[in-house]
Structure formats: structure tokens, C-alpha cells
Amino acid sequence: QVQLMESGGGSVQAGGSLRLSCAASGYTYNHYCMGWFRQAPGKEREWVASIYSRGGTYYADSVKGRFTISQDNAKDTLYLQMNSLKSEDTAMYYCASTTEGWIGQCPSSGYQYNFWGQGTQVTVSS
């Protein structure tokens, strides 16, 4: 069973940076997608970025050029480096994973991710 745990959220002023981490465990082989999603109060869950375990990154237009998704396979950790933060980036951020055996481009729909962390709050003040 895949387990995920986020950390690294916090409060920052607009224009600042934060790095989120997601510790993962339970994978048995290396074909899956991991992604970051966020949900602000009163809004729908929004896909942020995804990465394929064998390479390939995907970003929502709203964060492209500001956020970077990466993974350290040796440490089984997913990262989201967030720069030039804006107040509209304020949300609870979740990491998620598909089941193993995924082939092809990583999905942007949360319904295709089977495992989720508990979330970490990011608050950006203007």
C-alpha cells in the first residue's frame, strides 16, 4: 500500500518561496505518476503539477515558470519548489500518486490518482 505524507507548508509573503516535500513509501517498482493538487476554501480541487517516475513533468498554466516539481528516487521523496508566490496560491496542498504500472502522460484529473496525503497548508499574504 502506497503511503504519502506532505511537509513544508507555511506562511510567506507574496513574492516569496516555499518548498513542499512528500515522503512516499510502499512502491515496489518504478512506473507511476505523482502529482501535487491544491484546494482553496470554497473552491474546487485544482491540479498543480505531475511527474512520471521514469521522467517527464507536467504543469498547470497557472504555475508554469514559477513552480518546479521534482523527485528524489533514492529518498522516495517528491518536491514542489514554489517561487514568486502569489496570494492566489493560498490553499491546502496535497500530494497524490497513481497506482503502479502507469504508462503514458501523467493525468491532471484527481480521479486518476489513487493515493493521497493529508495535505499541508500554504498561506501567501500580500
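The chain is numbered in sequence order, starting from 1.
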Separation between CD1 (I103) and CZ (R54), nearest 0.5 Å, reads 11.0 Å

Residues S53, W102; criterion side chain to side chain contact (heavy atoms under 4.5 Å, CB included); working and verdict = CA-CA 9 Å; S53 57; W102 187 271; over 6 Å; no

With the 4.5 Å side-chain cut-off for hydrophobic clustering, are W36 and Y79 part of the same group?
-> no

Does R66 have any side chain to side chain donor-acceptor pair (under 3.5 Å) partners at least two apart in sequence or in another chain, and if so, which?
-> D89

Output the distance between atom CE (M5) and atom SG (C95), rounded to the nearest 0.5 Å.
-> 10.0 Å

Which value, rounded to the nearest 0.5 Å, describes the distance between S21 atom OG and Q81 atom CD?
-> 9.5 Å

Centroid separation W47 to Y58 less than 6.0 Å = no

If only atom types and distance count, is the side chain of T120 paired as donor or acceptor with the main-chain N or O of S7 below 3.5 Å?
-> no

Same cluster or not: are V12 and V48 linked, directly or through other Ile, Leu, Val, Met, Phe, Trp or Tyr residues, by side-chain heavy atoms under 4.5 angstrom apart?
-> yes

T77, D76, I51 screened by side-chain contact (heavy atoms from CB on, under 4.5 Å) with Q71, the one that passes = I51

Please assess R45 against Y94 for the test side chain to side chain contact (heavy atoms under 4.5 Å, CB included), listing each intermediate value before the final yes or no.
-> CA-CA 10 Å; R45 182 176 61 196; Y94 300 89; 5.6 Å; no

Is any side-chain heavy atom of L4 less than 4.5 Å from a side-chain heavy atom of M34?
-> yes

For the pair Y52 and H31, name the ring-plane relationship: parallel under 30°, tilted 30 to 60°, perpendicular over 60°.
-> tilted

Is any side-chain heavy atom of Y113 less than 4.5 Å from a side-chain heavy atom of F37?
-> yes

Which residue pairs satisfy the disulfide bond (SG atoms under 2.5 Å apart) criterion with at least one member in residues 96-126, sequence neighbours excluded?
-> C33-C106

Mind checking whether E46 and S62 have side chains closer than 4.5 Å, heavy atoms only?
-> yes

Test ring-ring contact (aromatic ring centres under 6.0 Å, His included) applied to Y32 - qualifying residues, sequence neighbours left out | Y27

Could you check Q13 against L85 for side chain to side chain contact (heavy atoms under 4.5 Å, CB included), going step by step and ending with a plain yes or no?
-> CA-CA 8 Å; Q13 289 194 327; L85 282 161; over 6 Å; no

Is a side-chain N or O of E6 found less than 3.5 angstrom from the main chain of G119, in a donor-acceptor match?
-> yes

Nearest-0.5 Å distance that lies between atom CD in E100 and atom CZ in F115 = 8.0 Å

Reported CZ-to-CG distance for the pair F67 and L20, which is rounded to 0.5 angstrom = 8.0 Å

In short, T123 meets Q121 closest at the heavy-atom pair OG1-NE2, 3.5 Å

Please check if the side chain of Y59 supplies one atom and the backbone of I69 the other of a donor-acceptor pair under 3.5 Å.
-> yes

Taking all heavy atoms of S126 and all of A14, pick out the closest pair and write down the distance.
-> CA-CB, 4.1 Å

Step by step, work out the side chain to side chain contact (heavy atoms under 4.5 Å, CB included) result for R38 and V63.
-> CA-CA 12 Å; R38 66 187 182 187; V63 306; 4.1 Å; yes

